[in-house]
Structures are given as structure tokens and as C-alpha cells.
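All chains are named by letter (A, B, ...) in the order of the sequence lines, taking the proteins before the strands, and each is independently numbered beginning at 1.
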Protein chains: 2
Amino acid sequence: INLALPYQDLPIMDACLATGTDYLDTANYEPKDEAKFEYSWQWAYQDKFKDAGIMALLGSGFDPGVTNVYTAYAAKHYFDEVHYLDIVDCNGGDHGQAFATNFNPEINIREITQRGRFWENGEWKETDPLSVREDLDYQNIGVRASYLMFHEELESLVKHFPTLKRARFWMTFGDAYLTHLRVLEGVGMTSIEPVEFQGQKIVPLEFLKAVLPNPGSLAEGYTGMTCIGTYITGIKDGKEKTIFIYNNCDHAKCNDEVGAQAVSYTTGVPAMIGAALMLDGTWKQPGVWNMEQFDPDPFMEMLNEHGLPWHVIECEESPFKK
Amino acid sequence: INLALPYQDLPIMDACLATGTDYLDTANYEPKDEAKFEYSWQWAYQDKFKDAGIMALLGSGFDPGVTNVYTAYAAKHYFDEVHYLDIVDCNGGDHGQAFATNFNPEINIREITQRGRFWENGEWKETDPLSVREDLDYQNIGVRASYLMFHEELESLVKHFPTLKRARFWMTFGDAYLTHLRVLEGVGMTSIEPVEFQGQKIVPLEFLKAVLPNPGSLAEGYTGMTCIGTYITGIKDGKEKTIFIYNNCDHAKCNDEVGAQAVSYTTGVPAMIGAALMLDGTWKQPGVWNMEQFDPDPFMEMLNEHGLPWHVIECEESPFKK
């Protein structure tokens, strides 16, 4: 189970090849000097892993991870053909800090300051960072401003579900969070270009990470919950319909159970499930795989057993315009 | 002429003592590890400078500096007794940057994130940082939100004009500037406490300085002007009155003349005038002195000759409540 930084995925995959060890991660590779994460580098290991008789399971966290499995589950049980995919990620929690990221600040800020990207009619379309907004109603949380951004599972899902006409990812951010982000970006503190400081080169974003709260420290006193899920619109028996599969995860309950907040919990439990399915042979095949390439049913069953129960809502209509 | 950092005042005064050199600065001493500037440390050199037959002129910039001279000039020519002093500092300019300080960011941010302080009825009173606001109308600029803060000339002026019942200092800040400041403070980037970073101790505020624009680089394209002045209310011939003495300084004209913006210009010219008066013997006396302890007239005359003309307005009423 590789829970190191995305920059380290390839060296760890090399180490797995050298030692004949199966591999699982929760975030795809991204070069250190460019904020550009994509699967190409890891997919290129397909033949090497197959030849070595070992497997790599890519992105076995919540998103990517559970969201891929939700999509595969919907495609298997609810649709003949899936057409529209909108993955939504809402953290409705309150950690009481002026500004903090819920996982590694360096990785988080690299991700959300990137240009937005989504799949439509067979091609990727770009947007300015956090420039497209929808106000969405989240189960047990309420309406939250949600911003279109690129997220890595989109890349594998449009490949493995070629009937998708559109695939997008949305994340909620509060105004205070965005103000902080804009200010920090405006003054250059989120830059990954090194600056000269007292005779050495320092990357501003890495220094910013050093002053921000450690995400692990947020768990104590963190209230509220997350709601992460997948809206899928498609055709079943000739009729169009939309379903929403989601999980609510409560920060305080996670802290009581394992001493961690919900963003850690929702990433850690799926990593455990992915590894368990590899170990017992249920998900086992030499090569490099994304989550949606395996049968979703055993994974969905274990989510219910291990603290991340999910729900399916058949929507009267999609909250998204076509 | 000492234009180094405030931390360096005392070593430079020691060097002057060791070499028998007259001394002039534009900002008073402040220990590096505590954002607390006050005159006590430099005033303690009084006897040493007197005994050595050399002089120190403290705070010969605009504020402190010209504002002290304005006060002395008002006391000499317009009042029998001065009672209320409000120094106002407005930068109505636009440098086009998301966030930049007009002089050394480290010193500027240390100053404005301090608690506010003013003199009233014989004692210092404190306020939360930037918590007291007045909307003041500045000549040739307009109404600007102005915030009460401590500024070093207050300390010497209440000492040398003991009839003052109240002495305050106000500076204008725009909402965007304050938002930036609040965010940077909230995340810890303005702290002077070192943090651990890659095995070394780094002061966040010093690193922030490295990413912010160099104030000198703002001059090109800087438009608008400053308005810095002194409201004085007092008694003349048994009647109360208020005057305002001020200067407007235009960023673009300064840049045309000397390749610097107005905040640099308004500090540099008074330093030159102070030094010139010391050199020609007009302001010359062994010991350590603040600006208001000398005859203001020759200084005021040179301000008019050297690019910082001033104006006196007799106000119908003070813009400040008593």
C-alpha cells in the first residue's frame, strides 16, 4: 500500500517490480516540477507488471477509488449504457481553523489551482481554475457552492466507459477558503517555482505547507460530515434515468473510532478494502488496473461492512443541465 | 545617514561613537525577535553622544520626521498650547499588484500587525490591531478608510509637547490590502517565530518578504498620490482652533524625477534635508535628538525647495471627535 506522495509512485512501482511485490496506491503519479497528474506514466507499466506476474491497483481511495466503483456498480446494475457522469465531493465539516487543507496542503493546493478540465463529446475541455460553479444540495448537509475541477478518476472512467458523453468532477469550497487560496496564490505562496531565499532555493508551496496545520491535527474537534458521491445519467430499457450513489462520513465519529478525521478515514478504508480483495484473490490479475476494471460488487459489500455505507437515490431529474 | 533596518540602529550608533561620526536615521530601533519599536534604547545614548561631541538626529523621514516638524511648526506659529494631535497617512496610489508593501515588507507588516496605541490624558491606551476606523477626506484623493495604529513619532511628540491631551496616528488601508493581511496573518505567514523547515529554522515573515514584490519595483506605472499630514487642535489667544498641515506627493512624478515611488521619495528627501541642516550647522548640537527639538522653520523652508511643498489649512472644525 503506497500512501507516499504522488511524486514517489514510479520509484515505488519500480521497487515492486524489482521485488515481485503487488502494488496499490490512492493517487496517481505527478512530476514534482509540474502540477500535472495523469495515468500515462503508470499505465506504461502494464506489460512490465504482467510479465512479472504482479498487479498494481491504482487509485484505491475514495475519489479516486470508491467513486470509480460507484460508477462501475451503476453501469452493472442500473443502466444499459451510461451517458453523463458528475462526481461530487462535499466536505461539510468545520475544523475551526482560519485555513487548513484536509490532506497534504502541497498536493491539495497543486490540485485545485490547476486549470479545470472535463470530458465532453469525445474530448477534454478546459476552464479557468475554479471558474465554473453549481450550487448543489448535499444529503444531510445542504446546498453548497461546488466548483468544477479536474480529478484523476475522470481520465480512467472515460476510457473504460466509452459511452460517456460527459464526465465532470465538482468539489465544494467556502468563500473564506477561496479567499485564502486567492490571496496565497496572488502573493506567490502557492507557486512551485523555487525562489531565492538567504542563498538557497525554496519552493514557496513547500514552505507554506510548513506553516499550515498538519491535516492530521484537525481531527480533534472537527464537526460535520462529508458527502461524496456519483450522479450517473444513462439509459435503462430504452428510458433515461439518473441515480446518485453516495456516502456520508462524520468527522467526529471517525475521530472517536480511529483518531482521524473523515477525509483521512474515507481514503484509508478503501485502501484497506482494495488490499484485502487483492490478498484474498477476489481482485487479482497481473497487470496495472484501475478500480472500475474489476467487479464492483465485493468492494461495495465491504464498504457497507467497514464504516463507509452507501446509498442509492433514484433521482426524479438530474440536478445538472445536459 | 542610516537607512539600514531598524534592528541595526544600535550597532550603527556604536560605530558612530567609535569613529566620532554624526548620525541620522529614519526609523527607531526595534529588537529583531520582538515587534516593539520605541525610543528608549536610542535615547539611552544621549550622554555618550554628548560626551563624544557628536549628534544623532532620530527619525528624519516623513513620518516620523516631517510630521514631527509640522507639529513643531504649528506649535511655534499657530498656537499658544497644542491639545490634540492626529497624524494621518494616506497612500491613494495604485501600483497594480495584488498585494505589495510600499517599503520593506518585513518592517511594514511587523508595524501594522502590532496592537494599536495612542496617548490620552497622560497615558497610553491600547486597541486591537486595526480595530479603530475613521473615514477621512484626504486633499486631492478623497475619503479613505483610516485605521488607528501606533507610530513611533507619537512617543517623542507627547514627551516634547506635554500639553497634548491626545495624540494618535492613522493610516489608510484598502479592503483588499486588509484581506491579504488577515489571510497571511491567519495562516501564520506574518509570524516572526521561526518554524522548522527541511531541517532549518526559517522566520515566515522573512520568507514572505522574499516572495512579495520589491517595493522599489513598484515605481514604474505607479499612479496616484500620497497625502500625509498633521491635524492639530489647540488654543491661540484664548480661542480653540484646528489646522491641518500636509503634503501631496505624486507617484508618477517622483518616478519621472528620481526613478522611485512617492513612499521612497517622501522618506528620502527629508533624510537629505536633515543631513543638510546638520552639515551646515543649522541643526547642530551634541546629543541624541528628535526632529521637533530643533527650530522647524529652516526644515520647512527646505521642504518647499526640494519637492515636498506643504500647505496649511485652517479647519472650520476638526474632523475628529474629542
Exercise. Which pair of heavy atoms, one from Gly186(B) and one from Ala98(A), lies closest together, and at what distance?
Worked result: O-CB, 4.2 Å
For this session: Looking only at non-hydrogen atoms, find the nearest pair between Phe197(B) and Ala210(A) and report the distance.
Result: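 The answer is CD1-CB, 3.7 Å.
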Problem set entry | Val195(A) portion near chain B, given a 4.5 angstrom heavy-atom threshold | side chain
Exercise. Is chain B contacted by the side chain of Glu193(A), its backbone, both, or neither, given a heavy-atom distance below 4.5 Å?
Worked result: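 For Glu193(A), there is no contact with chain B at all, as no heavy atom is under 4.5 Å.
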Atom [atom1] of residue position [X] - does it have more than 12 heavy atoms of other residues, nucleotides or ligands inside 6.0 Å?
{"X": "Glu126(A)", "atom1": "CD", "result": "yes"}
{"X": "Lys253(A)", "atom1": "NZ", "result": "no"}
{"X": "Glu220(A)", "atom1": "CD", "result": "no"}
{"X": "Lys36(B)", "atom1": "NZ", "result": "no"}

Exercise. For the atom pair CG (Leu184(A)) and NE2 (His180(B)), what is the distance rounded to the nearest 0.5 Å?
Worked result: 8.5 Å
Problem set entry | Full working for side-chain contact (heavy atoms from CB on, under 4.5 Å) between Phe207(B) and Gln198(A) | CA-CA 9 Å; Phe207(B) 185 78; Gln198(A) 296 177 351; over 6 Å; no
For this session: In sequence, state the C-alpha distance, the side-chain angles, and the governing distance for Val183(B) and Val187(A), and then conclude on side-chain contact (heavy atoms from CB on, under 4.5 Å).
Result: CA-CA 11 Å; Val183(B) 163; Val187(A) 303; over 6 Å; no
